[in-house]
Protein chains: 2
Amino acid sequence: MHNARKTSRPSLASPPIDDELYGITELAQEFGISLRAIRFYEDKGLLAPRRINGGRAYTRRDRVRLGLILRGKAVGMSLAEIEHILSLYGDHGEGHAKQLEYLVDRIDAAMRELDMRRCNIEAMCAELGEVKRQLQRTLAAKRRARKA
Amino acid sequence: MHNARKTSRPSLASPPIDDELYGITELAQEFGISLRAIRFYEDKGLLAPRRINGGRAYTRRDRVRLGLILRGKAVGMSLAEIEHILSLYGDHGEGHAKQLEYLVDRIDAAMRELDMRRCNIEAMCAELGEVKRQLQRTLAAKRRARKA
DNA sequence: CATGTTGTTGACGTTAACGTAAGCACTGGG
DNA sequence: CCCAGTGCTTACGTTAACGTCAACAACATG
């Protein structure tokens, strides 16, 4: 898999059929992670790239999923939790109403979870802001003292 | 350390001198974590309770720090990162202007970090919201189909 | 054809963040 | 005085999330 085929797409775009593939190192560099990590996510079932000649070939959709994985991590989610989130991103165009409603509930739950994290972050920011203001008051006092 | 002395504070409040101490199990229950975890945070230098009769005695300040630790964790920070944040919460009432300015910079950096996480969370929420709207459109279509 | 690059699998090592278990010390109650 | 309850320490086990290394396959290139 040396040639990470750019599929030069010659202006005349045949609809979404040639699927724009990426190589593993390509993704690794783009996202600044190791090959090993990407393979690891695959082992965990978070990614499932096609194989071409034994090598992994990632689609745009895989790329998006990888992005989500990394954002999830940056936000402090475990790979297990991220897997849940990713499962909400399927095709589920087919599915009975009940199942779709269930999915909507799951999404709501996930969003509430994220919201809690956001609240915690804002609380920490607020506290840090407090500390900062306190420090600045001390600083201002020091400056006034020096002036006098 | 069976008696987690409530220091009944008899209305006549002598200034901040008796310091309202907490026992380890008390804190563990209040925050819903294990004793082992609290001791672990101590090993990592995140907490430094006084000792009374061989037992750990936590002040209000320790309690606040523990709260910060747990919020930090909920936000996806490592204990090492949390340690940095906590170091910003010291007494540093004494310190030269240079050092105070440095602290302010550190705080700003920490707040920027937190802000990035917040952005990531909001992005994930937005994407989930998209998925949700899509699902709801599909659901609505199904309902219309059933109606007809 | 020899070589180098890129990729794959498998096994093992590592770090963080605890959990679990064993054994000793203190303390209050019957 | 004995025992249950609580706590402390030390040591080892565990899980998640990778990193590292070795050995090998496919492929392009000189």
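Just the heavy atoms: all of them, side chains too, but no hydrogens, waters or symmetry mates, feed the values below. The chains referred to below are lettered A, B, ... by the order of the sequence lines, with proteins before strands, and numbering in each begins at 1.
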Look at A/Tyr41 and D/dC18 and indicate whether a side-chain polar atom (N or O) is within less than 4.0 Å of OP1 or OP2. yes
Would you kindly give the CE-to-P distance between A/Met77 and D/dA17, to the nearest whole Å? 11 Å
Report the residues that fulfil side-chain hydrogen bond (donor to acceptor under 3.5 Å, both in side chains) with A/Arg143, sequence neighbours left out, ordered by chain and then residue number. B/Glu101
Which is true for A/Lys44 with a 4.0 Å heavy-atom rule: it touches a base, it touches only sugar-phosphate, or it touches nothing? nothing
As an exercise, state the distance from CE of B/Met116 to CZ of B/Arg112, rounded to the nearest 0.5 Å. 11.0 Å
Tell me whether A/Arg65 forms a cation-pi arrangement with A/Tyr89, defined as NZ or CZ under 6.0 Å from the six-membered ring centre and within 45 degrees of its axis. no
Please report, rounded to the nearest Å, how far the P atom of C/dG7 is from the CD atom of A/Gln29. 9 Å
Figure out the CG/P separation between A/Leu47 and D/dC18, and round it to whole Å. 12 Å
Looking only at the side chain of A/Thr25 (C-beta and beyond, no hydrogens), which of the listed nucleotides C/dG7, D/dA17, C/dA17 gets closest? C/dG7
Starting at CG of B/Leu27 and ending at P of D/dG7, how long is that distance when rounded to a whole Å? 11 Å
Please report, rounded to the nearest Å, how far the C1' atom of C/dT6 is from the CD1 atom of A/Ile52. 15 Å
Not counting sequence neighbours, which residues clear side-chain hydrogen bond (donor to acceptor under 3.5 Å, both in side chains) with A/Lys73? List them please. none
Between B/Leu35 and A/Ile24, which residue's closest nucleotide on DNA chain C lies nearer the 5′ terminus? A/Ile24
Expressed as a whole number of angstroms, how long is the span from B/Asn53:CG to D/dG7:C1'? 11 Å
Got a list of protein N/O to nucleotides 9-15 of chain D N/O distances below 3.5 Å?
unit_1, atom_1, unit_2, atom_2, d
D/dT9, OP1, B/Arg51, NH2, 3.2
D/dT9, OP2, B/Arg56, NH1, 3.1
D/dT9, OP2, B/Arg56, NH2, 2.7

In whole angstrom, give the distance that lies between atom CD of B/Glu42 and atom P of D/dC8. 8 Å
Short side-chain donor-acceptor distance under 3.5 Å, B/Arg137 and B/Gln134: yes
Determine, for B/Glu130 against B/Arg133, whether the closest basic-nitrogen to carboxylate-oxygen distance falls under 4.0 angstrom. yes
Assess whether a salt bridge exists between A/Arg117 and A/Glu81, defined as any Lys/Arg side-chain N lying under 4.0 Å from an Asp/Glu carboxylate O. yes
Of the nucleotides C/dG19, C/dT6, C/dA17, which has the atom closest to the B/Ser34 side chain? C/dG19
May I have the distance from B/Glu83 (atom CD) to C/dA17 (atom P), rounded to whole angstrom? 10 Å
